[in-house]
Amino acid sequence: MRPTVGWRADSATRTLRRAALERRDLRPDDLAVRVEYCGVCHTDLHALQAHASDDHGVLVPGHEFTGVVTEVGSEVSGFSTGAPVAVGNIVDSCRSCRMCRAGQENFCREFPTLTYGGADRQDGTTTLGGYSREYVVSHRFAYHLPAGLDAAAAAPLLCAGVTVWEPLRALGVGPGSTVAVAGLGGLGHLAVKMATALGATTSVVSRTPEKAGEARGLGARGFVVSTDSVQMEAVRDRFDVVVDTISAPHDPAPYLRMTAMDGTLSRLGHLGPVTVDAMDLLIGRKKLSSAGSGGRPSTAAMLRFCAEHGIAADIELLPSSQVNTALERLERNDVRHRFVLDMSDLD
């Protein structure tokens with residue numbers, strides 16, 4: 001086993017504490033990655049809260065990180081020591097089902113192995129996440145980090161970024177498209193940047209009028225205050241694609257009404273149960289969809305696109321020793337738009 005150090009959940013205190021960890025010895029297809037920067041996702045907060053309630057096993061969060069290869073397995077090609085890499089929230093899949101064969105490992109029929117809290121497909125051990133100094137991963141689920149991308153600001157692309165990228169591409173967003181992004185947080189600000197870079201005329205829908213300037217600074221040409229009924233009526237049937245990144249439970253009806261005929265509302269933020277009036281779909285032949293994470297081909301394509309267009313997350317960089325502060329502030333929504341942890345203080 002390979003010793004390392006990281007931030008492990010303490011269910012008694014509902015916090016993370018520094019602890020010694022162990023990684024597996026390298027298999028022939030593995031990379032050892034020195035984790036340099038790891039993004040802080042709402043999923044990490046939810047996992048910590050659930051762990052505090054259930055108290056099952058070891059939990060080390062973190063599933064969007066960048067780092068440097070320090071060792072390669074005997075069968076690895078395409079990676080070498082010293083190479084900058086990125087790893088997302090999937091580290092394995094069955095590799096044989098229809099979804100995996102189509103390059104959509106995120107929809108693996110047997111469920112993908114998650115970067116933390118998953119079960120290793122070979123030895124059954126629980127995967128431990130990127131809030132650590134080293135991670136061992138199959139080279140199939142590591143990605144070259146393109147030159148020109150800041151390693152810290154690129155880390156959230158591996159979760160938040162690919163989560164909005166896949167539906168934008170699947171729905172054909174490009175020149176001539178009209179896109180509305182509901183919510184301007186970790187997902188939403190990247191959706192605005194990507195939709196704009198794809199050539200779409202992009203607007204932001206928010207309940208906070210003060211975010212109008214920020215939205216335009218990200219590339220949005222329009223801004224709609226969701227609590228203003230006049231503004232909402234003015235954009236009825238307007239947008240080919242509405243990307244809903246709002247994380248709290250909410251009624252989809254207002255967002256379906258602003259979707260154009262034959263358009264799509266893609267819900268990416270809140271993934272719980274939803275009630276839809278069929279008439280909101282019927283009038284205009286509108287569609288309701290969702291998406292999550294990304295397969296290997298689209299993740300690699302997303303990183304290349306972001307490098308070509310200078311797209312990265314807007315982040316607040318903190319030393320990893322402040323991880324509990326980051327999670328507390330994230331719970332209060334006191335972040336714009338993504339926390340990233342600098343793991344160098346674990347040395």
Side-chain angles (χ1 to χ4, degrees), residues 1-9 16 18-41 43-44 47-48 57-76 78-93 105-106 112-145 149 151-152 154-159 161-162 293-294 296 299-300 303 319-321 323 339-347:
M1 301 296 284
R2 302 171 64 95
T4 189
V5 65
W7 297 96
R8 173 178 174 169
L16 298 172
R18 181 171 171 146
L21 306 172
E22 287 188 335
R23 296 295 184 188
R24 66 175 182 259
D25 290 326
L26 263 67
R27 297 167 183 157
D29 67 339
D30 276 342
L31 304 175
V33 177
R34 183 180 70 241
V35 181
E36 303 286 0
Y37 302 103
C38 187
V40 180
C41 179
T43 303
D44 303 337
L48 179 60
V58 178
L59 172 67
V60 177
H63 65 198
E64 49 181 43
F65 62 87
T66 57
V68 175
V69 175
T70 58
E71 192 174 346
V72 299
S74 59
E75 296 178 3
V76 172
F79 290 93
S80 59
T81 57
V85 294
V87 177
N89 60 356
I90 297 171
V91 293
D92 207 352
S93 69
E105 294 85 358
N106 49 326
T113 301
L114 301 180
T115 309
Y116 68 87
D120 184 274
R121 296 183 115 81
Q122 293 192 38
D123 61 22
T125 57
T126 300
T127 55
L128 307 180
Y131 288 6
S132 61
R133 194 51 164 150
E134 181 176 83
Y135 199 97
V136 175
V137 61
S138 168
H139 74 278
R140 296 175 179 84
F141 289 86
Y143 305 91
H144 288 283
L145 186 66
L149 277 180
L157 297 177
L158 275 294
C159 177
V162 74
S293 188
R296 293 166 59 210
T299 301
L303 287 170
S320 76
S321 59
V323 60
F339 286 121
V340 172
L341 304 177
D342 181 342
M343 313 308 294
S344 62
D345 62 352
L346 289 175
D347 290 339

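- Minimum interatomic distance between L21 and S132 (heavy atoms only, all atoms of both residues): CD1-CB, 3.9 Å.
- Counting heavy atoms from C-beta on, the side chains of V72 and S80 never come closer than 4.5 Å.
- Take S293 and apply the side chain to side chain donor-acceptor pair (under 3.5 Å) test, not counting sequence neighbours, and it matches N89.
- In this view, T4 satisfies the side chain to side chain donor-acceptor pair (under 3.5 Å) rule with no residue, not counting sequence neighbours.
- Take E71 and apply the salt bridge (charged side-chain N to carboxylate O under 4.0 Å, His left out) test, not counting sequence neighbours, and it matches R2.
- Every side chain to side chain contact (heavy atoms under 4.5 Å, CB included) that D345 has, sequence neighbours left out, goes to P319, S320, S321.
- Applying the salt bridge (charged side-chain N to carboxylate O under 4.0 Å, His left out) test to D120 and every residue at least two apart in sequence or in another chain returns R24, R27.
- For the pair V40/L341, a side-chain contact is recorded, criterion being any heavy-atom separation below 4.5 Å from C-beta on.
- Residues satisfying the ring-ring contact (aromatic ring centres under 6.0 Å, His included) test with F79, not counting sequence neighbours, are H144.
- Rounding to the nearest 0.5 Å gives a distance of 7.0 Å between OG1 of T299 and CD1 of I90.
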### Task
Would you check, one step at a time, whether the test side chain to side chain contact (heavy atoms under 4.5 Å, CB included) holds for D342 with Y37?
CA-CA 5 Å; D342 181 342; Y37 302 103; 3.9 Å; yes
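- In this structure, the salt bridge (charged side-chain N to carboxylate O under 4.0 Å, His left out) partners of R133, at least two apart in sequence or on a different chain, are E36, D347.
- Here OG1 of T43 is found 12.5 Å from CG of L48. Values are rounded to the nearest 0.5 Å.
- Counting only distance, with no hydrogens or angles, the side chain of T126 and the backbone of A119 share no donor-acceptor pair below 3.5 Å.
- Nearest approach of Y143 to F141, heavy atoms of both residues: CE1-O, 3.7 Å.
- Within the 4.5 Å cutoff, the side chain of E22 has no heavy atoms near those of the L128 side chain.
- Between the D25 side chain and the M1 main chain, a donor and an acceptor come within less than 3.5 Å of each other.
- For Y116, the side chain to side chain donor-acceptor pair (under 3.5 Å) partners are D44, not counting sequence neighbours.
- The closest side-chain heavy-atom distance from L145 to V85 is not below 4.5 Å.
- Between the R18 side chain and the L346 main chain, a donor and an acceptor come within less than 3.5 Å of each other.
- Looking at heavy atoms from C-beta onward, L157 lies in side-chain contact with L149 at the 4.5 angstrom threshold.
- Remark: L31 CG to S138 OG distance equals 7.5 Å, nearest 0.5 Å.
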Donor-acceptor contacts, no H, no angles, side chain residues 62-70, under 3.5 Å, sequence neighbours left out:
residue: E64; atom: OE1; partner: R338; partner atom: NH2; Å: 3.0
residue: E64; atom: OE2; partner: R338; partner atom: NE; Å: 3.1
residue: T66; atom: OG1; partner: A151; partner atom: O; Å: 2.8
residue: T70; atom: OG1; partner: A32; partner atom: O; Å: 3.3

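- Between atom CZ of residue R23 and atom OG1 of residue T125 there is a gap of 10.0 Å, rounded to the nearest 0.5 Å.
- Under the side chain to side chain donor-acceptor pair (under 3.5 Å) criterion, R8 pairs with no residue at all, not counting sequence neighbours.
- Here the closest non-hydrogen pair linking A155 and G39 is CB-N, 4.0 Å.
- Here the side chain of Y135 pairs a donor or acceptor atom with the backbone of T115 at under 3.5 angstrom.
- Summarising the geometry of C38 relative to M343, their closest heavy-atom pair is CB-SD, 4.2 Å, with the distance given to 0.1 Å.
- Scanning both residues, A86 and L158, for their nearest heavy atoms gives CB-CD2, 3.5 Å.
- Side-chain contact check for R296 versus S93: every heavy-atom pair is 4.5 Å or farther apart.
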